[in-house]
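See structure below.
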Amino acid sequence: MDSFVQLLQGFATAGTWENLLYCTIGVTIGMLVGVLPGLGPTTVTALLLPLTFGLDPIPAIIMLAGIYYGSMYGGTITTVLINTPGEAASVITALDGYPMAKQGRAGTALGVAAIGSFVGGTLSVVGLAFVAPPLARLALEFGPAEFFALIVLGLSLIVGLMGKSLIRGLIAALFGFILSLIGQDPITGSLRWTFGQPHLMGGLDFVTIAIGMFGLSEILIAFEQKTEAGAKIAAKIKGLLPRREEWRPTIMSILRGTGIGFLIGLIPGSNTVIPNILSYTVEKRLAKDPPRFGKGAIEGVAGPETANNAYCGSALIPLFTLGIPSSPTIAILFGAFIMHGLTPGPTLMQTDADLVWAIIASMFIGNLILLIMNLPLAGMWARIALIPPRYLYPVVLIICIIGAYTVSNSLWDVGVMLVFGIIGYLFRKLDIPLAPVVLTFILGNLMETSMMQALIGFQGNFLGFFQRPISGTLLAVSILIIALSVYSNIRNRRNLLGGDAEE
Amino acid sequence: MRKPLSVLLVLLVSVAMVLAACGQGNSGSGSGSSSPAASPSPSPSGSSAPSPSPSESPKIDYPTKAIELIVPFAAGGGTDAVGRATAEALKKELGVDVVVVNKTGGGGAVGMQDGLSAKPDGYTITVVTREVVSLPLLGQAPFQTMDFRFIGNVNRDPAVLVVPTDSPYQTAEALIEAIKNKPGSLKFAASVVPNYYGIQFAEAAGLDFITIPFNGAAPAIVELLGKRADFGIYNPGEVKAQVDGGNLKPLAVMAEERFPGFPDVPTFREIGYDIVSGTYRGLAVPKETPEEIVKILEDALAKAVEDPDLIAFMENSFLGRQYMDSETYTKFIEEDIKILTPIIEIAKQQM
């Protein structure tokens with residue numbers, strides 16, 4: 001219980017008025033950053049990093065960390081209300097969060113997301129505080145082969161997200177894969193599909209595509225409805241809390257989301273989207289009535305929103321214990337440590353234990369502040385769903401454009417966003433689901449890269465994937481899942497394809 | 001009902017605007033900054049009032065308005081850090097705002113091209129990196145290296161050869177020996193493709209090893225620590241934490257002189273291999289910029305690199321300082337074209 005005493009000391013440090021102030025500033029900025037699409041926590045922590053130079057290390061890092069996990073709360077808001085993902089991590093939330101808002105349950109979606117985020121965030125900080133060192137060694141075992149196997153597992157689960165028609169789902173999935181090929185070849189560095197356009201050398205941006213496909217296409221669809229009567233808006237806002245019968249599944253999905261987010265956070269090179277995808281697919285697989293998903297299933301919001309916050313806490317474990325930044329935002333936190341003369345890694349816990357514990361304690365406090373801010377705000381935000389479309393959609397359009405612009409401070413991304421808005425519109429008209437496009441877009445690149453890296457390491461031997469314990473197990477599970485899907489497909493064709501991600 | 005809703009709407013839009021303005025990347029402007037964090041923190045930038053330089057050339061009135069400094073990489077990276085520190089220091093010398101704008105894309109090509117196509121009036125300066133040489137050679141940039149007029153260099157970091165601390169190869173000689181004995185089997189975890197450090201190492205020492213490319217030093221280092229690769233070549237800032245933590249051991253530095261941060265580590269030249277490589281970051285403007293403006297900027301930069309805040313920031317961030325004036329820097333760049341040309345020919349063959 002030595003760590004428990006240290007944690008209490010950490011609370012004493014984090015509880016001083018100065019540190020509380022910076023913690024509040026950090027989480028508030030984080031939340032606002034999350035709200036605006038395009039502008040992510042990575043950019044903002046980077047911008048504020050030089051400003052913390054004059055501060056002591058503890059308040060500086062408390063504030064920057066607050067931006068990092070605070071943005072996970074904010075990203076949900078735009079996603080649920082206007083179908084425009086505020087943060088890459090929230091894309092999955094759009095699948096069920098926006099339908100909930102259309103049913104007048106925006107408040108519930110935001111309320112559940114806030115509660116789930118708090119539970120996931122807090123439990124993962126508990127994990128960070130008490131079980132970090134042994135788990136860290138596991139992270140080192142996770143190389144490209146294991147990463148590849150994890151993505152295969154994810155994709156095998158995603159079959160359920162394909163929508164009504166498997167063919168349409170595959171079209172969408174392949175479209176996403178092809179998009180992910182644009183840019184530099186991750187292995188040789190040669191250029192693919194760039195047509196001499198320097199903007200394409202780094203590939204397309206995930207957030208830009210998501211803003212266009214989800215946010216803009218929503219506006220285009222709404223244009224078709226001639227009158228306001230056509231565009232159905234919620235008559236009134238229902239409560240912030242789930243219905244009585246929804247409590248049990250919601251709590252279960254929050255707990256599962258916590259576990260998934262926590263485990264994925266340990267893996268270097270992962271990102272906040274992966275735990276969300278896994279959590280969503282797991283929830284859909286486990287649900288008694290999967291067709292409900294995509295039409296406002298509360299578990300489809302609770303699980304993923306919890307998972308990305310649980311991810312945030314555990315993603316700091318490789319940083320504190322090994323000195324490895326496992327995501328771009330954490331790389332900036334890493335820079336903040338270095339800039340303040342601290343070296344993240346195994347020695348940090350010995351040389352600056354008080355600092356580490358103060359940061360951990362501040363994350364408990366920060367999550368609590370976020371919960372307190374978000375629950376009452378959920379009701380306020382939810383009222384946006386009441387705004388008639390003729391006032392709301394111009395604002396959404398502005399937000400989409402600003403969001404796309406901030407991705408790389410250029411009009412190029414605005415153009416890309418507009419193009420994908422039109423593509424998204426056409427896909428909707430053709431009944432092609434949008435979710436597989438963004439999922440395979442983000443997973444495709446990771447899958448290609450990790451497979452090639454692993455194969456180079458295995459000197460071209462494909463069996464190498466099965467000779468390593470973790471990747472072998474994950475691949476075996478994926479094969480089992482695919483086999484079971486095929487089996488149940490043969491037994492009952494309707495069952496496999498029954499689940500729709502979208503209408 | 002309507003009223004509070006419209007208020008909310010206005011609020012939402014204004015929040016969006018403010019955040020977008022933040023994204024524009026000013027950040028450093030002290031009191032004028034929109035971020036609430038700026039006011040309580042005595043940031044090094046805001047503390048000193050801009051002092052107009054007295055000895056300005058009378059012929060030309062420059063600068064009279066804010067200068068835009070293009071950083072062709074994302075906020076948060078090493079280039080961004082150098083760019084922001086330099087902007088703060090230049091602001092003091094020039095007496096006008098120097099606003100950092102991150103223009104990302106194309107591995108630096110987009111931002112550099114933007115800098116080149118700006119009006120050559122000295123109000124748009126570009127932070128150039130080694131990519132200003134490598135991208136045109138690779139045929140991946142719409143410009144030529146010498147389209148720029150180089151003002152001066154700020155930062156230079158050598159490449160460092162590292163192994164895990166418990167590696168069987170405890171010296172560079174032992175590692176090279178082992179690679180020679182087992183050609184094509186030892187693994188190099190590269191932080192970027194194409195990897196000029198790796199190619200140069202292989203060519204100069206006549207080695208054959210497997211290169212596993214990663215997107216950045218962090219995942220490459222995980223590969224090393226997880227014992228799936230044998231060695232790596234990175235910049236000092238990327239390995240400092242692991243070296244301090246006793247996980248990685250530096251074996252040799254690709255520099256003319258020993259790296260101050262690792263005084264016990266020999267250079268490659270000391271052990272008999274002529275390998276000098278690394279990364280550098282400096283400032284440049286379009287070639288057509290008037291001579292007087294270049295001179296003003298060159299003088300300002302020469303003073304800016306001696307700014308105590310800049311020095312403290314660079315040292316804390318483990319970024320090496322090496323100032324070169326316009327003439328030296330231009331020669332240095334021309335020299336680097338000669339060094340990189342054969343290396344990039346090899347890289348192209350591997351594509």
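Each chain gets a letter, A, B and so on, in the order the sequences are listed, and its residues count up from 1.
Ranked by heavy-atom pairs under 4.5 Å with chain B, the list A:Pro198, A:Gly196, A:Ala46 is led by A:Pro198. For the set A:Met452, A:Gln197, A:Arg468, the count of heavy-atom pairs under 4.5 angstrom toward chain B peaks at A:Arg468. Among B:Lys187, B:Gln113, B:Arg228, the residue with the largest count of heavy-atom pairs under 4.5 Å with chain A is B:Arg228. Counting heavy-atom pairs under 4.5 Å between each of A:Gly202, A:Ser190, A:Pro186 and chain B puts A:Ser190 at the top. Between chain B and the residues A:Ile332, A:Ile324, A:Thr45, the largest count of heavy-atom pairs under 4.5 Å involves A:Ile324. Per-residue heavy-atom pair counts under 4.5 Å with chain A were compared for B:Gly106, B:Gly108, B:Gly105, B:Gly216, and the maximum is reached by B:Gly106.
Using a 4.5 Å cut-off on side-chain heavy atoms (C-beta onward), A:Met31 and A:Leu377 make contact. At least one side-chain heavy atom of A:Tyr405 sits less than 4.5 Å from a side-chain heavy atom of A:Leu411. In this structure, the side chains of B:Gln242 and B:Ile221 come closer than 4.5 Å at one or more pairs of heavy atoms. Contact check for B:Val192 versus B:Tyr197: no side-chain heavy atoms found under the 4.5 Å cut-off. Looking only at side-chain heavy atoms (C-beta outward), B:Phe262 and B:Val162 stay at 4.5 Å or farther from each other.
Of the two parts of B:Leu138, neither the backbone nor the side chain holds a non-hydrogen atom closer than 4.5 Å to a non-hydrogen atom of chain A. The parts of B:Lys103 that come within reach of chain A are both its backbone and its side chain, each placing non-hydrogen atoms under 4.5 angstrom from that chain. Both the backbone and the side chain of B:Ala241 have a heavy atom closer than 4.5 Å to some heavy atom of chain A. Of the atoms belonging to A:Glu141, it is backbone heavy atoms, and not side-chain ones, that fall under 4.5 Å from chain B. Residue B:Leu225 touches chain A through both its backbone and its side chain, counting heavy-atom pairs closer than 4.5 Å. The parts of B:Ala312 that come within reach of chain A are both its backbone and its side chain, each placing non-hydrogen atoms under 4.5 angstrom from that chain. Using a 4.5 Å cut-off between heavy atoms, B:Gln350 touches chain A through its backbone atoms (N, CA, C, O) alone. For A:Asp185, the part lying under 4.5 angstrom from a heavy atom of chain B is the backbone only. Neither the backbone nor the side chain of B:Pro219 comes within less than 4.5 Å of any heavy atom in chain A.
In summary, of the residues considered (B:Val100, B:Thr86, B:Leu69), a side-chain contact (heavy atoms from CB on, under 4.5 Å) with B:Val127 occurs for B:Leu69 alone.
In terms of modelled atom types and a separation under 3.5 Å, the side chain of B:Asn235 and the main chain of B:Gly237 share no donor-acceptor contact. Formation of a donor-acceptor pair under 3.5 Å by the A:Thr194 side chain with backbone atoms of A:Leu191 is not found in this model.
With sequence neighbours excluded, the residues forming a side chain to side chain contact (heavy atoms under 4.5 Å, CB included) with A:Pro59 are A:Glu18, A:Asn19, A:Tyr22, A:Asp56, listed by chain and number.
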Exercise answer: donor-acceptor pairs, residues 333-343 of chain A side-chain atoms, under 3.5 Å, sequence neighbours excluded:
residue	atom	partner	partner atom	Å
A:His340	NE2	A:Thr52	O	3.4
A:Thr343	OG1	B:Asp244	OD2	3.4

